[in-house]
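Below is one structure, written out as structure tokens; comments come after it.
Every heavy atom of this structure was used, including side-chain atoms; hydrogens, water molecules and symmetry mates were not.
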Amino acid sequence: MPYLVAPAIPAGALAATGQPTLPVAGEALLRPWLLTDAAAVREAFRDPAIQHWHLRRADSVAEAEGWIEAWQGEWRSETGAHWALVDAESDQLLGRIALKSFALRDGTAEIAYWTVPSARGRGLCPRAAEVLTRWALYERGFHRIELEHSTANHASCRVAVKAGFEAEGIRRGAWLHADGRHDVHLHARVRPWMIESKGS
């Protein structure tokens with residue numbers, strides 16, 4: 001059965017191009033993950049805050065390598081895109097910003113992020129989220145980027161607001177964490193559009 005509308009992003013449009021490196025305020029870069037980042041990922045996931053809000057830990061470098069291989073594979077399969085946030089000069093790992101749950105027909109995705117403790121409090125995460133969101137909306141054809149976080153995760157909420165994501169509501173009891181059920185804030189950024197009525 002044929003669709004009545006063309007997809008917002010044609011299948012193959014992302015995979016046909018290389019995943020870009022994006023500068024962040026002259027001091028950092030969003031670059032594709034490398035297997036050599038695995039030791040830094042394992043170290044990052046020793047941080048209690050990252051474990052708490054992301055529900056995982058990496059017990060070995062080999063396990064972190066597996067995560068990175070999966071992140072790399074999502075670009076090729078056009079199901080997601082993951083970037084390492086690194087210092088522009090030293091290439092030291094500062095965090096991760098990802099677009100997940102691609103729905104290319106509708107042009108939607110979700111954004112997620114974490115930063116290592118030494119990178120927090122500098123405004124770097126919201127700037128990186130802003131850079132990636134603008135790239136997705138205005139260069140790659142996405143229409144809507146959603147952002148969700150536990151209502152108890154105030155730091156993540158501050159990042160969302162600073163990156164220009166408007167609050168849209170609360171999904172009650174949507175996430176299960178180690179300490180029980182959490183309500184979830186839903187934020188989104190949407191590329192401006194106009195709907196014209198037929199015959200007007």
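- Judged by the 6.0 Å distance and 45° axis criteria, R191 is not positioned over the aromatic ring of F142.
- Within the 4.5 Å cutoff, side-chain heavy atoms of H54 are placed close to those of W114.
- The side-chain heavy atoms of P32 and Q72, taken from C-beta on, include no pair separated by under 4.5 Å.
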Working for salt bridge (Lys or Arg N to Asp or Glu O under 4.0 Å), residues R76 and E69: CA-CA 11 Å; R76 295 189 295 270; E69 289 175 340; over 6 Å; no

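- Between E78 atom CD and L104 atom CG the span is 5.5 Å, to the nearest 0.5 Å.
- Side-chain contact between L22 and L29 is absent, with no heavy-atom pair separated by less than 4.5 Å.
- Panel note: side chain E146, backbone H187; no donor-acceptor pair is recorded below 3.5 Å.
- The main-chain N or O of S156 is found under 3.5 Å from a side-chain atom of Y113 such that the two form a donor-acceptor pair.
- Between the side chain of E63 and the backbone N or O of D59 there is at least one donor-acceptor pair closer than 3.5 Å.
- Contact of the L93 side chain with the W33 side chain is registered, since non-hydrogen atoms from C-beta on lie closer than 4.5 Å.
- A donor-acceptor pair under 3.5 Å is formed between the side chain of Q51 and the backbone N or O of F45.
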Between E74 and H82, does a side-chain contact (heavy atoms from CB on, under 4.5 Å) hold up when you go through it step by step? CA-CA 8 Å; E74 287 191 28; H82 304 255; 3.0 Å; yes

Can you check side chain to side chain donor-acceptor pair (under 3.5 Å) on S150 and H182, steps first, answer last? CA-CA 6 Å; S150 165; H182 283 241; 2.6 Å; yes

Give the C-alpha distance, both sets of side-chain angles, the deciding distance and a yes or no for salt bridge (Lys or Arg N to Asp or Glu O under 4.0 Å) between R144 and D106. CA-CA 9 Å; R144 175 183 169 90; D106 288 331; over 6 Å; no

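- Taking the side chain as every heavy atom from C-beta outward, Q19 and L30 never approach each other to under 4.5 Å.
- Proximity of the aromatic rings of W53 and H177 is defined here by a centroid distance below 6.0 angstrom, and this criterion is met.
- The main-chain N or O of I50 is never found under 3.5 Å from a side-chain atom of R57 such that the two would form a donor-acceptor pair.
- No donor-acceptor pair closer than 3.5 Å links the side chain of W175 to the backbone N or O of E148.
- D183 contributes no side-chain N or O that, together with a main-chain N or O of T151, makes up a donor-acceptor pair within less than 3.5 Å.
- In terms of modelled atom types and a separation under 3.5 Å, the side chain of R140 and the main chain of A13 share a donor-acceptor contact.
- For the side-chain contact (heavy atoms from CB on, under 4.5 Å) with F102, the lone residue among T108, I9, L14 that qualifies is L14.
- What you find for R120 and A49 is that their closest heavy atoms are NH1-CB, 4.1 Å.
- For the pair D37/R31, a side-chain contact is recorded, criterion being any heavy-atom separation below 4.5 Å from C-beta on.
- With rounding to the nearest 0.5 Å, the separation of SG in C125 from CG in L94 is 10.5 Å.
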Apply salt bridge (Lys or Arg N to Asp or Glu O under 4.0 Å) to the pair R189 and E130, showing each step before the final yes or no. CA-CA 10 Å; R189 280 187 59 172; E130 160 70 13; 2.3 Å; yes

